[in-house]
Number of protein chains: 2
Amino acid sequence: MAAVNKKTSRSIYEVARAAGVSSSTVSRVLGGRAELVASATRERVMAAAQTLGYRPNRMARGLATGRSNIVGVLVHDIRNRQLAQVLRGIDQAARQLGILTMLCNTDYDAARATEYLAMLDDHQVAGVVLTGQDYAGKGDGSRFKEQIERMTGRGIVAVGVGESTSQALRVSLHNRRLGRQLADHLLDLGHRRFAFVRVEPSLRALDNRERGFRDAVAARGLPADRVVIRSATRSLAGGAAAAVELLDSGVDFTAVVGATDEIAAGCHLGLTRRGIHVPQDVSIAGWGDSEMSDLLGHRLTTVETPMFQLGVGAIHLLVQALDGSPRRRHVVVDAELVVGESTGPAPARPTKRRDGFRLAAQINGR
Amino acid sequence: MAAVNKKTSRSIYEVARAAGVSSSTVSRVLGGRAELVASATRERVMAAAQTLGYRPNRMARGLATGRSNIVGVLVHDIRNRQLAQVLRGIDQAARQLGILTMLCNTDYDAARATEYLAMLDDHQVAGVVLTGQDYAGKGDGSRFKEQIERMTGRGIVAVGVGESTSQALRVSLHNRRLGRQLADHLLDLGHRRFAFVRVEPSLRALDNRERGFRDAVAARGLPADRVVIRSATRSLAGGAAAAVELLDSGVDFTAVVGATDEIAAGCHLGLTRRGIHVPQDVSIAGWGDSEMSDLLGHRLTTVETPMFQLGVGAIHLLVQALDGSPRRRHVVVDAELVVGESTGPAPARPTKRRDGFRLAAQINGR
DNA sequence: CTGTTAGCGCGTTCAT
DNA sequence: ATGAACGCGCTAACAG
């Protein structure tokens, strides 16, 4: 180590001397037990701390209490857009509570996640937030689970985010309900024939959207085959390809639903390139906030998934569990349908106009 | 506090007893001073630690040494896509070095950033990584700077990431060089009339791209007005609007360059919607990895900005500075031109074909 | 209500 | 090459 660290930070002893009290009293005032101290001395201590610029040494406190004010956050892939919103929510809620967060990118690797957990454990974290699907399953997955249990057994709180987690404490959307929401919107517009584009590989949360969607369609007394299912790779190109394939295979539909926003936007692009007008010919809808709306030329109708609130909820749930029992073990965050310009009334004649499509496609290229 | 924390973690004392040595010896072996211990006893200690499942208490170590193995990372907005890549690089490099990172989202707020710095300081962080532009300028900005100096004065290392930072230790791209790279590519293809779309508000790094671009054009003996400058808001829509405006104002150009990938993609969309063929009529290029390539139907030509390496470099620079002097105080990461399908030879007749455009636009709508 | 005392787990002299 | 002793800054009994 090179630099010589001049000691400049104040300790409670210096504050104690300045205030004419003992270090315990200072500890009480500055460490959360302020109500045990006479208000007169309390003021004196706080004033002294203020003028000295006292700052608590978190390491010392952590050593003494066996707990830090740090929360670990495990993510599969930090590049995920939805995740970024969750992290903002976590950041805001944590900051307001004086908590710092350690971000751990696991790349879906259970072994790496387990190692990260151990490191967080070494740092006496108060809790961990587990975003996305579980690491369960394989050999490393079970060791991950063991590590979690070892930690929770010692009072560390683990909160899962999303519907694909088996954590006892979790915060998530109600994707099945969201599925119903979107279906009802389209049904109310008169649509009766749908194409639903899944993603492959899927996630439990996305499967639930599909289930909810089919639930709602069935609830109107429509046969199950009114919802044609397709799979796409999770990208704009995947969505576009699926949409084009739907056209080419002669499937009958007036509305396309993408399991994610990206898929929906891809479908939009694919259809538009074939000269189909949205929403006059076909309505399109999806889930999740669409920053790609302006790419499409107009706003996509979506069920807005409040990922930010998911993050906030995770921290709040964690803190609640930390001091006592949380009010609920499973927090569900509500979502809201945002009607854009990609959905409209079902066309009067729901049959396909293949020739018109072909012509437009020719002009438009590709 | 509710949960009773059964003490289950091992201390060096238990390892010491199991190995039949003193705690000092264990500390030396497990704390980096292993070479001071006879290899025989060293083995014994390591074996004991292994079987006991010993894990060092980071809080205790931090208290004793006045330093943790934590690095703070300040970001303006965690949703930024480039940033996500940087964070992955930071995560990987840090993990391999046994370092944990604390992520702090500041929302461009100097006061919030300063508060975060103080919190990190309380945690005895080894260093901080400052991404993006400085928080300097306003009143809060100067307090931010003071806080940084206070910390660096105590041996905490601060590393800036990007060209818009004034940190002594920094890692960045050489955006001016990147600007020249792209210009040379287009010049080699025969282009002589360019439109350069800036973003508003701009950043120093982006300004440098523009400067480099103009440098290279001038270096070929072309007059400055061969590069027409436009500004756009930083979005696909902004890029599209700028491109359309260029068309409508009758500017003469065979190649469009966007200061960012998003802008370039937006220009692509705007031109394509007007029926312009890329790259037959107009070439388009930008900087940064384009995940929107598939949205455009083909790959954009870009200078790939290796943001991941920027993150890796930041951590490496930080640890170098931590134990001794870094080899360089300013690390420049190289970028590579990736030629996609959006650039091609300049059209033989560089004049505008306004009528053709109008016709295509009419057919294509919007 | 406040002060005294004793650790928390580890690094680090200083002896040996 | 190893061990004994002390301190890092703070919290948490226990007295008073």
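Worth saying up front: this structure is predicted, and the values here are computed from it rather than measured. Chain letters run A, B, ... following the sequence lines, proteins first and then strands; every chain starts at 1.
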### Task
Describe, in one word, how the ring planes of Tyr135(B) and Phe144(B) are oriented to each other, choosing from parallel (under 30°), tilted (30 to 60°) and perpendicular (over 60°).
tilted
### Task
Could you tell me whether Asp121(A) and Arg150(A) have a side-chain N and a carboxylate O separated by less than 4.0 Å?
no
### Salt-bridge present (Asp140(B), Arg143(B); N to O < 4.0 Å)
yes
Could you state the atom-to-atom distance from [atom1] of [X] to [atom2] of [N] in whole Å?
X        : N       : atom1 : atom2 : value
Arg67(B) : dT12(C) : CZ    : P     : 13 Å
Arg17(A) : dG9(D)  : CZ    : P     : 14 Å
Leu63(A) : dG7(D)  : CG    : C1'   : 12 Å

### Task
Using heavy atoms and a sub-4.0 Å distance, could you list which residues of residues 34-44 of chain B are near DNA chain D? By number, please.
Leu36(B), Val37(B), Ala38(B), Thr41(B)
Any donor-acceptor pair under 3.5 Å from [X] side chain to [Y] backbone:
X        : Y         : answer
Ser27(B) : Ser23(B)  : no
Thr25(B) : Val21(B)  : no
Ser68(A) : Gln124(A) : yes

Side-chain donor/acceptor pairs under 3.5 Å, residues 160-168 of chain A, sequence neighbours excluded:
unit_1    : atom_1 : unit_2    : atom_2 : d
Glu163(A) : OE1    : Asn175(A) : N      : 3.3
Glu163(A) : OE1    : Asn175(A) : ND2    : 2.3
Glu163(A) : OE2    : Asn175(A) : N      : 3.4
Glu163(A) : OE2    : Asn208(A) : ND2    : 3.2
Thr165(A) : OG1    : Asp134(A) : OD1    : 3.3
Thr165(A) : OG1    : Gln167(A) : N      : 3.2
Ser166(A) : OG     : Asp134(A) : OD2    : 2.7

### Task
Evaluate the side-chain proximity of Ser172(A) to His330(A): yes if any heavy-atom separation is below 4.5 Å, no if none is.
yes
### Summary
Residue pairs passing the side-chain hydrogen bond (donor to acceptor under 3.5 Å, both in side chains) test with at least one member in residues 35-61 of chain B, sequence neighbours excluded, are Asp122(A)-Arg55(B)
### Task
Spell out protein contact along nucleotides 10-16 of chain D as letters: B when the base is contacted, S when just the sugar-phosphate is, - when no protein heavy atom is under 4.0 Å; keep the 5' to 3' order.
BBBB---
## Note on the structure
Across all chains, not counting sequence neighbours, the side-chain hydrogen bond (donor to acceptor under 3.5 Å, both in side chains) partners of Asn80(A) are none
### Angle by which the axis turns from one end of the helix from dC1(C)-dG16(D) to dT16(C)-dA1(D) to the other, five pairs per end, to 10 degrees
30°
